[in-house]
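To start, the structure under review is shown below, and the notes come after it.
Along the sequence shown, the residues carry numbers beginning at 1.
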Amino acid sequence: MKKNVLATLFVALLAISASAQVSSNPYKFLGNITTRGNVEAGGGVPLYYQLWNQITCENESKWASVEGTRGNFNWSGADRAFSYAQQHGFPHKFHALVWGSQYPNWLDNLSAGERFSAMTNWFDHAKARYDELPMIDVVNEAVGNHQAGNPMIKETLGGGGKTGYDWLIKAFEMAYERWPNAILIYNDYNSIQWDIDKYIDLVRTLRDAGAPIDAYGNQSHDVTNISENNLRNALKKQQDALQMPMFVTELDIDISNDAQQKAQYERVLPAMWEAPYCAGVTLWGYVLGATWVDNSGLYRNGTERPAMTWIKEYMQTDAAKNAVGPFPGAKKEASVYIRPAALKVAKDDVLPIKVRARMATKTIEKIELYADDELVATMTEEPYIAEYTAGSVGQKTLKAIVTTTDGSTYERLSRIQVIRGAQRAPYNGVVPELPGTVNVDEYDEGLAGVAYSNATRNTSTAMKDGQWMEYTVDVKEEGLYALEAEVASTTANGMFHLSEYGFDNLTFYTNITKVPNTGSSSSFQTMRVPMTEPLTAGRHVFCLNIDKGGFFIKSLSFKKVPTVELPGTLEMEDLAEGNGADFASGNGGTVLTNTTAGEWLEYNVDFKESGKYSLEAIVSSAVDGSSFKVILLEADGNEKSLCTVNVPNTGSTDVYEVKTAKIRNAIEAGKQVIRVNITNGGCNIDKLQFVCTESTGIIMPLDESGTAETQWFTPDGRRLSAPQRGINLQRTVSNGRVTTRKVVR
């Protein structure tokens with residue numbers, strides 16, 4: 001009974017707080033930010049929930065604020081704001097996942113592949129902390145060189161690629177994978193006055209390519225002196241081009257004169273707020289002297305300025321209270337994205353198009369896909385894939401109309417470009433089969449911008465920055481593969497990665513891989529590159545992306561990752577999965593090199609004998625203190641620490657020694673996973689040799705002949721004092737060699 005009373009009081013308090021907020025519009029919010037890291041501004045200013053009904057952390061949820069020291073995450077500031085929003089029943093926004101500013105300083109010292117791993121880890125930790133988020137600024141300020149760190153972040157996420165904005169597409173795909181229910185936003189400044197065309201081009205390309213972007217955000221720091229007419233024209237230009245929901249994300253009017261500030265708010269706020277595509281307005285600070293600009297505050301010494309008084313009055317008008325918006329309650333019902341197989345296609349070619357559609361609470365009845373108002377297909381079952389024959393040249397507008405069983409409809413636009421020229425086809429009409437080798441100069445035939453870009457079939461020409469080539473292949477055996485690239489280079493600056501523009505994701509099959517200096521442009525060597533995702537059987541179109549050119553590449557060989565039988569030798573390049581691993585030629589083969597603390601590698605293994613083992617690691621190092629741990633991930637998911645290998649300083653990474661380590665725990669026979677965790681970097685690892693020192697059970701295959709009086713086991717590995725009637729396993733040890741035979745009595 002007491003709990004019910006408390007619950008009733010809590011609901012009543014929420015109702016009181018909601019009625020006291022400046023805005024009561026159910027379709028959009030009027031929000032603000034934290035002040036100097038705190039939710040409450042203090043100094044006589046009203047409590048936050050009495051003014052605003054949405055909150056954004058000014059800095060507390062930015063990457064640099066959370067993970068200033070690598071691996072140490074401080075969520076305290078972000079937690080305060082998010083908990084406050086939940087307590088008072090209004091939405092919060094995560095600001096921001098990807099930004100070329102206020103990222104951790106330690107990121108500058110990492111390679112591109114390591115940075116991608118670090119960014120993936122950042123996304124994963126944010127997801128672990130906040131499983132559900134209503135809104136996210138996925139990418140912040142990526143137009144041109146708005147931020148000095150943008151080129152580095154662009155490189156980190158795979159570069160421009162086919163669309164010019166692949167790095168941003170990848171960021172949105174990563175966010176959607178983790179928070180499919182969140183409203184995913186691109187956010188930028190100078191988008192209304194100074195960089196409006198670049199801004200529109202960026203957002204529209206993301207939309208056209210099928211990236212899971214739900215809205216565009218105008219920071220609106222550039223409206224301090226804009227006229228109402230120019231503002232309305234700019235907003236209309238954006239909306240006509242994008243046809244998507246819009247947020248005003250960081251509105252401030254930096255004017256010291258009270259009357260002038262109030263007059264500018266009167267010009268600006270209604271034009272934004274009353275637009276039916278506006279989903280909400282967030283003011284960027286409200287206390288004078290506590291924001292990033294000098295004069296934008298709405299409270300001076302605890303007293304509201306005239307602009308604040310007017311805002312409160314305006315929000316009580318019918319125009320403000322009744323303005324509609326696309327996300328009532330800041331909740332996303334429909335996720336609808338059109339993903340054409342390519343943004344450019346040759347005339348008369350057939351272009352597959354998928355409508356990615358997902359509803360939060362409703363059920364899809366049908367999806368109609370149009371091209372320039374011509375019905376292409378009506379689809380009622382997943383996957384919603386249609387084929388469009390590009391019959392005439394020019395720009396085509398694609399439109400998907402999703403109808404749910406309650407009669408509601410949701411629309412999404414995209415565009416493709418149809419150009420005159422040769423249709424796309426595999427090189428010489430032959431589709432390479434995998435496992436197998438693809439010659440790099442034998443990329444798909446067709447038009448530039450469709451099958452390749454800035455490429456030549458002349459193998460004596462070095463790769464160029466931003467170059468890409470696509471290859472149609474047929475995967476005959478599904479599973480995890482490793483890529484072997486035949487490369488030559490006179491520098492160690494070149495980089496590439498392999499990707500695929502799938503209907504449901506932009507998949508990176510390799511991390512961004514650095515090409516070694518092989519000594520000359522004609523000295524080719526094979527570098528082994530782990531593939532991060534398994535390949536499904538069937539037709540694929542791989543894209544080889546040249547992130548930084550200047551090197552030469554002959555071929556790409558795709559080999560299935562083996563399951564290593566132990567006792568025996570585990571070659572380090574045969575990994576099934578890894579985080580931050582680099583490989584290079586060394587010690588007569590391929591070695592794991594440039595190890596750093598925190599890296600890990602996993603290997604599929606099959607132990608043929610249960611028992612005790614020792615480990616012989618072939619290692620080198622030019623520093624003191626390098627080490628790594630070997631862990632067994634058993635079939636039931638348990639982790640078992642096997643040993644720690646302390647790598648000696650061998651004087652050079654080119655000088656290898658055998659380091660023996662005793663494995664503490666017995667190992668059961670069967671298929672399992674070995675993980676290698678780099679605890680202190682600076683070493684090279686060539687291979688790990690597992691030696692069975694005391695067997696307690698043996699798994700097939702077995703030799704059928706011979707007998708000996710040594711140790712006896714049942715077929716399932718149980719120890720016997722003597723052979724029994726039926727099938728027995730006999731174990732003989734001679735000169736350190738274990739022989740196992742099947743014996744029938």
Side-chain angles (χ1 to χ4, degrees), residues 22-23 29-38 41-46 48 51-52 54-60 62 93 95-96 99 101-102 137 140-141 143-144 146-147 187-196 199 216-235 238 246-273 275 278 280-315:
V22 174
S23 171
F29 55 76
L30 183 66
N32 220 299
I33 61 172
T34 53
T35 302
R36 299 188 181 100
N38 298 309
V45 175
Y48 195 99
L51 298 172
W52 321 113
Q54 181 268 333
I55 191 167
T56 300
C57 290
E58 182 180 20
N59 292 303
E60 297 93 304
K62 293 170 183 172
K93 182 174 68 170
H95 173 79
W99 191 23
S101 181
Q102 289 186 243
D137 285 332
N140 202 44
E141 299 177 5
V143 168
H146 274 184
Q147 296 299 334
N187 191 47
D188 217 321
Y189 70 97
N190 286 354
S191 56
I192 293 175
Q193 288 212 71
W194 315 116
D195 289 321
I196 185 170
Y199 175 83
Y216 59 98
N218 287 307
Q219 290 185 10
S220 306
H221 297 306
D222 56 343
V223 299
T224 292
N225 298 307
I226 198 172
S227 69
E228 181 180 347
N229 186 60
N230 286 347
L231 173 60
R232 291 185 182 275
N233 287 340
L235 295 177
Q238 289 178 339
M246 179 268 289
F247 286 89
V248 176
T249 56
E250 302 183 21
L251 176 62
D252 50 20
I253 305 297
D254 187 25
I255 299 177
S256 60
N257 182 281
D258 285 350
Q260 292 177 9
Q261 186 194 46
K262 173 177 174 289
Q264 189 63 3
Y265 265 107
E266 291 173 343
R267 285 186 283 268
V268 166
L269 188 56
M272 295 174 161
W273 182 266
C278 177
V281 174
T282 301
L283 304 177
W284 204 251
Y286 56 109
V287 176
L288 193 69
T291 70
W292 76 297
V293 289
D294 294 333
N295 303 300
S296 65
L298 295 168
Y299 283 86
R300 178 190 286 117
N301 298 325
T303 302
E304 63 187 42
R305 295 175 68 184
M308 185 65 208
T309 303
W310 175 82
I311 290 172
K312 292 165 69 175
E313 293 170 350
Y314 167 69
M315 284 295 160

So, using side chain to side chain donor-acceptor pair (under 3.5 Å) as the criterion, who are the partners of [X] when residues are at least two apart?
| X | value |
| --- | --- |
| E313 | none |
| S227 | N230 |
| E58 | none |

(message) Using 0.5 Å steps for rounding, measure from the CG atom of D188 to the CD atom of E250.
(response) 9.5 Å

(message) What's the separation between atom CH2 in W52 and atom OH in Y286, rounded to the nearest 0.5 Å?
(response) 7.5 Å

(request) List the atom of S191, the atom of Q219, and the distance in Å for their closest heavy-atom pair. (result) OG-N, 4.4 Å

(request) Take I311 and L30, measure what side-chain contact (heavy atoms from CB on, under 4.5 Å) needs, and give me the verdict at the end. (result) CA-CA 10 Å; I311 290 172; L30 183 66; 4.0 Å; yes

Side chains of [X] and [Y]: is there a donor and an acceptor less than 3.5 Å apart?
| X | Y | value |
| --- | --- | --- |
| E60 | T34 | yes |
| Q147 | Q102 | no |
| H146 | D195 | yes |

(request) Check step by step if side-chain contact (heavy atoms from CB on, under 4.5 Å) holds for Y199 and N218. (result) CA-CA 10 Å; Y199 175 83; N218 287 307; 3.7 Å; yes

Test item: [X] side-chain N/O and [Y] main-chain N/O as donor-acceptor pair under 3.5 Å:
| X | Y | value |
| --- | --- | --- |
| E228 | A271 | no |
| D254 | N295 | yes |
| Y299 | G44 | no |
| D137 | N140 | no |

(request) I would like to know whether S23 and M315 meet side-chain contact (heavy atoms from CB on, under 4.5 Å); could you show each step before the answer? (result) CA-CA 6 Å; S23 171; M315 284 295 160; 4.0 Å; yes

